[in-house]
Amino acid sequence: MSPKYVYFFGAGTADGNMKMKDILGGKGANLAEMAGLGLPVPPGFTVSTAVCDLFYRNKKRIPDAVKLEIEKNLKKLEKTVGQDLGDPKNPLLVSIRSGARASMPGMMDTILNLGLNEKTVAALIAKTNNPRFVYDSYRRFVQMYGDVVLDLKPVNKDDIDPFEAIIEQKKNERGIHSDTDLTADDLKDLVVRFKAAIKAKTGHDFPEDPMKQMWGAVGAVFNSWMNDRAIAYRKMYDIPESWGTAVNVQLMVFGNMGNDSGTGVAFTRDAATGENMFYGEYLMNAQGEDVVAGTRTPLPIADLKKDDPKALAQLEKIRHILEKHYTDMMDVEFTIQQGQLYMLQCRVGKRTAFAAIKIAVDMVDEKLIGEKEALTRIDPDQLNQLLRPIFDPSEKAAAIKAGRLMTKGLNAGPGAATGRIVFNSVDAEAWAQKGEKVILTRIETSPEDIKGMNAAEGILTARGGMTSHAALVARQMGRVCVAGCSDLAIDYAARTMTVKGRTLGEGAWISIDGTTGQVLEGKVSTKPSEVLQVLIEKTLDPKDAPVYRTFAKVMKWADKYRTMKIRTNADQPDQAANAVAFGAEGIGLCRTEHMFFGEGKIGPMREMILADTLAERKAALAKLLPLQRRDFAGIFEVMNGRPVTIRTIDPPLHEFLPHSEKDQRALAGQMGISYEKVKTRVESLHEFNPMLGFRGCRLGIIYPEITEMQARAIFEAAAETKKKGIDVEPEVMIPLVGHIKELANQEKLVRQTAAAVMKEKGVKFKYLVGTMIEIPRGAITADEIASVAEFFSFGTNDLTQTTLGVSRDDAGRFLTPYVEMDIYAKDPFEVLDRDGVGQLMRMAVERGRKTRPAIKLGICGEHGGEPSSVEFCHMIGLNYVSCSPFRVPIARLAAARAALMNAPKAPAKKPAPAKKTVKKR
Ligand code: ADP
Ligand code: MG
Ligand code: MG
């Protein structure tokens, strides 16, 4: 038997159902499902997605076998409704609708009112006695067909649509403004002019034969699978080209038959807030996409109570039937033809994070779904929306209208921030201390800017991408950030920034929207999100915070089902406290180097680096010791017994030294040494590829006194904290280990120091020594390394750099094009490269566990807060993921979904013993 290519639906039955999206596309599957449910769906049939592939392989022609099947189903449709295509008395009209497996709204084409020609137009007028309706339908059909099938489109991007131009001209001639003022004769004349324009500009005759119209339209829908819009959309949402689109041929129903007819779209719940109320818009005497097109302002669905209360009541009923059936919030299209309601589409509705959590929680309360199902309904990444400060939406719209939108950059740190422009970190801090809100505006940021970034409301940079320093740190701090605004010219000396001829100076107000990347001149007021007001600011009582309560419920469920622990990357007590408020169960990465930029520390740090002798270096380190100890004690106290992984110094030393002559001279003055000496030292530390340079454990091996000081600071802080009656569990992590001997070397120092401190202080405490796995050799020799390491933490930022041989800081030139060309499907620094980096991780997990079955395994790269990467970590069996504080809720949800969607499979049943059978011939 040849495969089935066409599926009929209508009159209470259907060949397909909602589970057949692969074959029927989303629209076709759901039309079939609704028809099967007995809802009023105009009958029709779906040509399967498989035909799309055949079409392209058959030189863009519909194969004959499929044509036959379509003709058979058309006959069936004609019989069902008692009308024939092209019949001069009682003509059938149909729509030809695209519909892929995943919804691609508006990306492909649809043609309405197919089957109209000079003969059927006359028949329809005789039948309806409504020439205006008939000619309105006809001109829409010729217009859509001319555009989609015969390809009469605007040539330049500045051109107006050729059909709209003709309509405009007609309206001018007639001295009218609205489409609805066009009479039947006007519309009839438009049809003539449309056909003439098509012939003149494309050379095609408009086909009178309805079958010809049909083959043209079906082919055009398949062709629209490969139009530019559709291709771009697929790329953005990871929809494979191989899926193809289906084509739906469906009986037309008419919302434009008069004031007793109409059309609309609706959501079964509010898609913005999740409120359990019917939400939608409609227009009377209108067809198809008039509602979305914005030519006429649609009315809120509640008004239908006046226009057609019966239809509204029926819609309300269908709303409940659909929600109960699909157990989700649905988005529907409907049309009312002379008081008769028809359903034309339904699909699971898109929603904001606010709506997603509310609908999920409400539906559990309503017993429509269970907790596990609820968790799979919420996109973890979306949770960001709940944490970001927000612009007052109406104020922002007004600002844009007033021409205050200056430019757009990368939406690197979501949220909204308004403040006064400052051009360096020192000013940012000073201004903030005076109570000013500031936006730190820099060409790019460096680790030295940490404090200024922390003091600022938001960060705006002219250079750098989504993983630039500014973006990375902004996300960790939960700061709003717009990065890489390439048309921003910043003059530090003049303290000005210029965009497209508009110049703003220091102190001027700007507003940046890190969710969209928009930069606006002037103030737009913001407020912290409700969740933050409860958890971080602690200015709002949960009982006055419905969004927070919903969020908290989702988080509670997530914690119930996840199997991985969630830690955070935090370098300071306040960051750690925020992370704990967000649900972090430990610190997975405390970077000690950020501490060296803190109060009074950069001085001794520089002395240490510039020291000529061991004695000098030790003297400088002695100054750093109490400062680091205080930092660690602060963190231990906040973490209150939770595990804390502390990484020994990692970045190359030159990062701590000033680079401009002015700053170097100042440093020389402070230290009482010559400028030349500072300059020479900086030059000698210069590296051509600092990523692979004198950093990580290499520093601690060549300068053991640095590791010793850091270990001492950690353990003395631990002893102090323990004495206060607070539990501590430090985990000392040695970075950039590629060889077991590197780790053994550092481990020895750490353990010696621990023993010494315990003896000196008379306190015992637990601690672990482990390593980062961030160099391929480390992963490959993980079995050896695990003989020393009590834990591994995958540093996937560096592991990605070293595995791919790509230095992230200068990868922008080719990495973005690479992703566009699909060489890498996703930026590997954002989404873990499972097939490459991931395999090294898997190997390290297996080899590490073989040597040390109880080894603790985690990840502390940026990937630890990215849902797909978190899922992979679950799949390879990590014990925890660690991410920036503001991503902790995302990681909690992602870990729960990973556990639910990758549940251990039931043990495979033993295959039944093979029976001996004799095949009959
Ligand atoms: P899209 O996928 O872009 O929404 P659709 O195929 O849903 O395209 O159709 C576009 C518009 O035409 C929708 O408003 C739809 O309701 C309307 N429409 C489609 N088919 C019919 C039909 N058979 N009768 C009346 N209106 C229809
Ligand atoms: Mg639609
Ligand atoms: Mg690293």
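Counting starts at 1 for both ligands and their atoms, following the listed order. Both backbone and side-chain heavy atoms feed into the values below; hydrogens, waters and symmetry mates do not.
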Review point. Does Glu333, backbone or side chain, put an N or O under 3.5 Å from an N or O of ligand 1?
Key: yes
Practice item. Taking atom types as modelled, find out whether Ser137 and Asn256 have a side-chain donor-acceptor pair closer than 3.5 angstrom. Key: yes
Exercise for review: Give the single entry among Asp109, Val253, Leu251, Leu112 that approaches atom 23 (N) of ligand 1 most closely by any heavy atom.
Suggested key: Leu251
Review point. Mind checking whether Thr110 has an N or O less than 3.5 Å away from an N or O of ligand 1?
Key: yes
Practice item. Measure the acute angle between the ring planes of Phe55 and Phe222, then classify it against the limits of 30° and 60° as parallel, tilted or perpendicular. Key: tilted
**Study point:** Contact check, Met108 vs ligand 1, heavy-atom distance below 4.0 Å
**Key:** no
**Study point:** Asp308 bridged to Lys310 by N-O distance under 4.0 Å
**Key:** no
Exercise for review: Would you name the N/O/S atom of Glu333 that lies closest to the Mg ion (ligand 2)?
Suggested key: OE2
Review point. Of Arg377, Glu373, Arg347, Arg269, which is the lone residue that meets side chain to side chain contact (heavy atoms under 4.5 Å, CB included) with Asp328?
Key: Arg377
Practice item. For ligand 1, note which part of Gln287 has a heavy atom under 4.0 Å away: side chain, backbone, both or neither. Key: neither
Review point. Just wondering, is there an N, O or S atom on Thr110 that's nearer than 2.8 Å to the Mg ion (ligand 2)?
Key: no
Check your understanding: For Tyr138 and Phe194, what are the C-alpha separation, side-chain angles and deciding distance, and is it a ring pair (Phe, Tyr, Trp, His ring centres under 6.0 Å)?
Key -> CA-CA 11 Å; Tyr138 198 19; Phe194 283 176; 9.9 Å; no
Check your understanding: Okay, side chain of Asp186, backbone of Thr183: is any donor-acceptor separation there less than 3.5 Å?
Key -> yes
